[in-house]
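Everything below concerns the one structure shown next.
Lettering follows sequence order; numbering is per chain, from 1.
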Amino acid sequence: MNDTRFDPSSADGRWQKAWDEAECFRADSASDRPKSYVLEMFPYPSGRIHIGHVRNYTMGDVLARYKAMRGHEVLHPMGWDAFGMPAENAAMEKGVHPGKWTRENIESMKAQLKRLGFALDWSRELATCEPEYYGHEQALFIDLFEAGLVYRKESEVNWDPVDQTVLANEQVIEGRGWRSGAEVEKRKLAQWFLKITDFAEELLDGLESLDKWPDKVRLMQENWIGKSRGLQLAFDLSDGGRVAVYSTRPDTIYGASFVAVAPDHPIAQAVAAKDPGAAAFIEECKRGGTTAADLETAEKKGYLTALTARHPLLGSELPLFIANFVLMDYGTGAVMGVPGHDQRDFDFARKYDLPILRVVGVSAADADRPLGTTAEPGEGVLVNSGPLDGMDVDSAKQWVIDRAEREGWGEGKTVWRLRDWGVSRQRYWGTPIPFVHCDACGVVPVRKADLPVTLPEDIDFATPGNPLARHESWKNTTCPKCGGAAVRETDTLDTFVDSSWYFLRFASQPADRPFEPEEVAKWLPVEQYIGGIEHAILHLLYARFWTRALARLGMVEFTEPFASLFTQGMVTHETYFRREPDSGRMVYFAPEEIARDAKSAVLKEDGFPVSIGRVVKMSKSKRNVVDPDTIIAQYGADAVRWFMLSDSPPERDLPWSESGIEGCARFVQRVWRLVGEHDPAAQGEDADLARKTARSVHDVAETIEALHFNKAVAKLYELVGALEKAAPSASRTRGIQTLFQLVAPMMPHLAEEAWHSIGQLGLIANAPWPEVDESLLVEDEVTIAVQHRGKLRDTLTVPKGASKETLEELALASDKVQRSIDGAEIRKVIVVPDRLVNIVT
RNA sequence: GCGGGUGUGGCGGAAUGGUAGACGCCGGGGACUUAAAAUCCCCUGUCCUCUGGACGUGUGGGUUCGAGUCCCACCACCCGCACCA
C-alpha cells in the first residue's frame, strides 16, 4: 500500500523543470514526424491570467500533449497581444509608462502559465509591442499599400468634445464619454482602410472549405459578409435631382410609401443648406454613439423635407425624409420605405402617419386583410401590386429588376454588408502607421530600410488625446521622396492587425523578414485553433483576409490560416451581493469573503446572510473572479487542469465551484493511490479488466480528438473505478500503467511522478500513447430493450447479432411483457437488432 | 433592433430517432478511528395505492411503432454588432 499523498507543491515545479531541461516541447521543423500546429488565441497582457485563459490553454495543452504521444512533431507556441487601450488607461491612472506596464504584466503572466505546466515552446515567444514584431507588420502594411489594398477616406469617430479626444465604442456609455460625461458627437476624420471588400466573394466562398469550423461561426461570418441581390433604382426628385436607392425587396415596390436618406447623405446636406430645420435634425443625429446597436435601438426619427420623389411605376409623389436609421455605409445611403414588409419602415410609418399597404399575403385572398401590429417581412404571394399580383416573391423581384433595366430607371445589383476595415486609431500604444505627410508629395510610405518606425519613449498622458500627435520631435521628419520637411502619420494600427499574422511569425522568426516562407509552409495552416466565441467574426475574418492578401502577394501558399476551429465557453461563477437599503445599489462580495453551505451564504466578516445571485461570466465588477495562482497553490496545477476539462462540454460555459475543485483534488489522489497497487509480480489475467482498459484507451483517444474532454474525463473516472475494484492480476498492473499514460495529457505532473514511481525510465511526456489490442474492443453480448407500445417493460441480455426472430420470441417470452400486453391482440412487432423490440397492440 | 447560440434531477452534465439521467458534485445513512481528517460501502428525478406503477428533458402544438433528439410557434438567458480584446 502506498500511504504517501501526491504533493503538487513539490512535484509540479520539479517536473516543470525537468521538461524545460529536456526541451521536451521545442518544436523541431527538421523532424520527419508528421507536424501538428496547435494554437490557442494569444492573451492580452492585462496583468493576471484569467481563469478563462486557463481553460483555453488547458484544452490546447491536452491536445498538444496527446498529439506528441501519437508521434507528431508539435508546434505549440505562446505570445502576447500586447498593444491596446488598457495600457494607456493604466498610464493615465497610475502614471506608469504603457511599455513598462505591459512588459511587467507579461513577466508575471508568463510565470503563471509556467505554473500550470503547459507544454509550450517558449523559445518562440513574441510580443506584438516589440519593434522586432511590429516593424515587420509595418513592412507588410507597406506591401499591402503597394498592392492597392490600403487607402484613406473620411470616416466617423466618437468625439468627446470636453476631452477633445476620440473614444472607443466601449468608452461611450449611454451616449456619453466615460471620463468627461459629455454627450458624444460623431466627427469625420481622414483614416486608413484595408480593402477587405475586395475579398468579399473569396471570404464567403472560402467558408465552404472550412468543414472543421463550427457551423455557427461559418453562418455568422456568412451573415456578416452579407451578400445580397437587389435592385438599385433612381427616384426623380421634385427639384429636378435624383436619388439612388437600393432595395433587397424590389418585389414590394408597389407598397413603397416614402423615401429616406441618411443624415450624412449629400442630398440631406444640400437640403440642410437651405432648411434650418433639416440642419438642426442632422445635428441631432450626430449626437450619440456610432455603433450599429446604438443606431438600431434608438427611436426611429425622421425629418420631412420639402422634396418629393416620383414612384417610377405608379408616378405618385412620395415624401422624402432624412432618417436616423438609414446608414450611409450600406447600399446607396438611401432607402425606399415599404412599411408593410419591413419592421423599421413599419415603425417609422406609424410614427409619421404614412400609408401602410399590404403587397404580400399568404394568398391572393389576403389583398384586403390589413396588417396587424407588425410588418410581415416573409415570403408569400404578391397582392395590390398591379402586374405583379399573384406572383411569388422571387418571380416578382426578377420581374421588377427586368423592367427597371429595360426602362432604364434601375438595375439588378449585388451589394455586400461587409465594409472596408478601418485600421486607424488615434492612440499611442499601437503599431505606428509607417507613412509621412509631405506638402509636396502627399502621403508617402517610409522606406523599408528605415523600418521600424518605433514609438517614442518620452511621452506624457497628462492631457487627453494622442501623445504622438503632440510629440514634435518624433512627428517632424523628412519626406522619403523629396527630402523636404514632412510630418509622420500619428495614427497607429488597430490591434486586430497585430493578431492577423502572429500565427505566421510563430512558425519562424527571421530578423530581416516577417517570416520564413519555407518554415511557414511546413507548419501552416494551423491544425487546431482554440479560442472564445466572441472572436467568431472580427478577429477570425480579419486573419482570413490578411492571409488571403498575403497569398495574393505570393508570400504564402494557402488561403485559410486555421484548418480547424474550436470555440470554448466562458468560466462563470455565482455572485454574492447585498442591496444597500438607502440607495438600492448592489454591493458585490468576492467568493473568499463568503461562507457557503448547500442552501445559503453568509459574509464571514459579520456572519449575516448575503443574497446568492445568478451564475455569470467572471468579472471584476461582479467580484466573482477566482485567481488561478490562489487555486494552484491550494490544489495543485493538475487538479485545476482537471477541473477545466471536467463536466461541462468545452463549448459551453463552465461554472466554477469550490466543491468541484475539491472533488478534482481528491481524484488526483485517487489516481496517485494506484501507484501503490501497481504490482509487477502480480500473476494471472483478468479478461473483463483487460477489455475495460482497451475500451478506455480507444474511447479516451476518440473523445480527445473530438475535443470532448468532459467525456474523456468521465471515461477515466470509470477506468479508475474499475482498476480500484479489481483483484490483483497482471492485467490490473498493465491497466494501471496504461491509466497513467491516458491521464498524462490532462494531469501531466502526477503522471510523471507516477511513471517514475513505477520504475519507468524517461519522461512520460516523451512516452507513446498505449497500443490497443483491437480484438478486445469487440463486444459479444448486448442488452436490448423490450417495449410495449413504446414504453420500456423489460430488458434482455442476448448474444450480439441475434436474429430478429429470436429476439421477438425472447421478448414475447418475458413475464413482464406478457403482464403488460395482458392478452391484447398483437398488431405489430418492431425489432431493431442489438437495440430493442417494440410490441404494438 | 439585427445576426448567432443555449435550455435535461438540488447542481455540472450523458444519451447514431430506440433502456432518459452515464460520470462527477452536493446531500443522507453506515464502516474504520479514543476522536478527527483521509478513505471505503450503500442510497439519492418527482409522485403513488411501492415485489409494482404513473409522470418527467423551458412552454404549446405536430410527425412517428417510438421524440431530449425531427418540424412549427413561443418564452427565458448568453455571445456578436465593425474603435474592448
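Under the 4.0 Å criterion applied to side-chain N and carboxylate O atoms, A:Glu724 and A:Arg673 are not assigned as salt-bridge partners. Between A:Glu489 and A:Arg152 there is a salt bridge, since at least one side-chain N of the basic residue sits less than 4.0 Å from a carboxylate O of the acidic one.
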Using the 3.5 Å cut-off, write out each protein N or O paired with an N or O of nucleotides 38-47 of chain B and the distance between them.
unit_1, atom_1, unit_2, atom_2, d
B:U39, O3', A:Arg673, NH2, 3.4

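For B:G12, its base sits under 3.5 Å from the side chain of A:Asp647 at one donor and acceptor pair at least. Counting atom types as modelled, A:Arg827 pairs no side-chain N or O with a base atom of B:C65 as donor and acceptor under 3.5 Å.
Ring geometry for A:His53 against A:His50 counts as perpendicular: the plane angle is over 60°, on a 0 to 90° scale with 30° as the lower cut.
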(request) Under 3.5 Å for both distances, Watson-Crick or G-U wobble, that's the pair rule; now give the dot-bracket for RNA chain B, with | marking pairs to another strand and [ ] for crossing ones. (result) (((((((..(((.....[....))).(((((.......))))).((((...))))..(((((..]....))))))))))))....
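For A:Lys715, the side chain to side chain donor-acceptor pair (under 3.5 Å) criterion is met by no residue, not counting sequence neighbours.
Between A:Lys816 and the phosphate of B:U51, there is no side-chain N or O to OP1/OP2 separation shorter than 4.0 Å.
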(request) Any chance you could list the contact pattern along nucleotides 71-82 of chain B? Use B for base contacts, S for sugar-phosphate-only contacts and - for none, protein heavy atoms under 4.0 Å, 5' to 3'. (result) ------SSSSBB
Validation: residues 536-544 of chain A side-chain donor-acceptor distances under 3.5 Å, sequence neighbours left out:
unit_1, atom_1, unit_2, atom_2, d
A:His539, NE2, A:Tyr529, OH, 2.8
A:Arg544, NE, A:Glu560, OE1, 2.9
A:Arg544, NE, A:Glu560, OE2, 3.3
A:Arg544, NH1, A:Leu203, O, 3.2
A:Arg544, NH1, A:Gln221, OE1, 2.8
A:Arg544, NH2, A:Leu203, O, 2.8
A:Arg544, NH2, A:Glu560, OE2, 2.8

Mind listing the side-chain donor-acceptor pairs of residues 651-668 of chain A below 3.5 Å, one per line with the distance, residues two or more places apart or on another chain?
unit_1, atom_1, unit_2, atom_2, d
A:Asp653, OD1, A:Met570, N, 3.0
A:Ser657, OG, A:Gly660, N, 2.9
A:Glu658, OE2, A:Tyr635, OH, 3.1

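The 5' end of RNA chain B is approached more closely, in terms of each residue's nearest nucleotide, by A:Lys300 than by the other of A:Asn838 and A:Lys300. Projected onto RNA chain B by closest heavy-atom contact, A:Lys216 and A:Ile784 fall at different nucleotides, the more 5' of which corresponds to A:Lys216.
A cation-pi arrangement is absent between A:Arg5 and A:Trp672 under the rule of less than 6.0 angstrom and at most 45 degrees off the ring axis.
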